[in-house]
**Q** 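Here it is, the structure, as structure tokens.
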Amino acid sequence: MAVPKRKMSRSNTRSRRAQWKTTPVATVACPQCRSPKLPHAVCTVCGTYNGRQVIEV
């Protein structure tokens with residue numbers, strides 16, 4: 001098992017942890033109503049998915 005040979009300093013630890021960033025939510029335009037929606041999901045505005053009406057809105 002890999003074990004660190006020396007203790008990592010506070011500045012190195014904090015600079016490593018500073019690289020964890022959140023990414024923005026990816027959205028695509030709905031082909032029917034052009035509103036932003038999540039990819040591979042039903043549009044919440046018009047209720048279509050893959051060119052057909054899936055839910056009644």
Side-chain angles (χ1 to χ4, degrees):
M1 187 167 97
V3 178
K5 191 164 275 214
R6 300 210 189 285
K7 180 179 178 178
M8 186 172 268
S9 68
R10 284 183 184 164
S11 63
N12 281 347
T13 302
R14 289 173 182 164
S15 66
R16 185 188 72 242
R17 288 181 181 158
Q19 298 305 313
W20 286 89
K21 297 178 181 72
T22 59
T23 56
V25 176
T27 58
V28 295
C30 175
Q32 302 291 336
C33 64
R34 301 286 183 235
S35 65
K37 70 173 192 77
L38 293 174
H40 307 286
V42 177
C43 178
T44 57
V45 177
C46 62
T48 59
Y49 180 75
N50 203 14
R52 58 193 167 97
Q53 191 72 26
V54 178
I55 58 173
E56 196 65 38
V57 179

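Positions are given from 1 along the sequence. Fair warning: this is a prediction, and the values are worked out from it, not measured in the lab.
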**Q** Taking atom CG of Asn12 and atom NZ of Lys7, what is their separation to the nearest 0.5 Å?
**A** 12.0 Å

**Q** SG of Cys46 to CD1 of Ile55: how many Å apart, nearest 0.5 Å?
**A** 8.5 Å

**Q** Consider side-chain contact (heavy atoms from CB on, under 4.5 Å). Of Cys33, Pro36, Pro31, which one does Cys43 pass it with?
**A** Cys33

**Q** Spell out, yes or no, whether Leu38 and Tyr49 are grouped together once hydrophobic residues are joined by side-chain heavy atoms under 4.5 Å, including indirect joins.
**A** no

**Q** Any heavy-atom pair between the side chains of Lys37 and Val28 that's under 4.5 Å?
**A** yes

**Q** Might you point out which heavy atoms bring Val45 and Ser35 nearest each other, and give the distance in Å?
**A** CG2-OG, 3.6 Å

**Q** How about Arg16: does its CZ atom have over 12 heavy atoms from other parts shown lying under 6.0 Å from it?
**A** yes

**Q** So for atom NZ, which belongs to Lys21, do other residues, nucleotides or ligands contribute more than 12 heavy atoms lying within a distance under 6.0 Å?
**A** yes

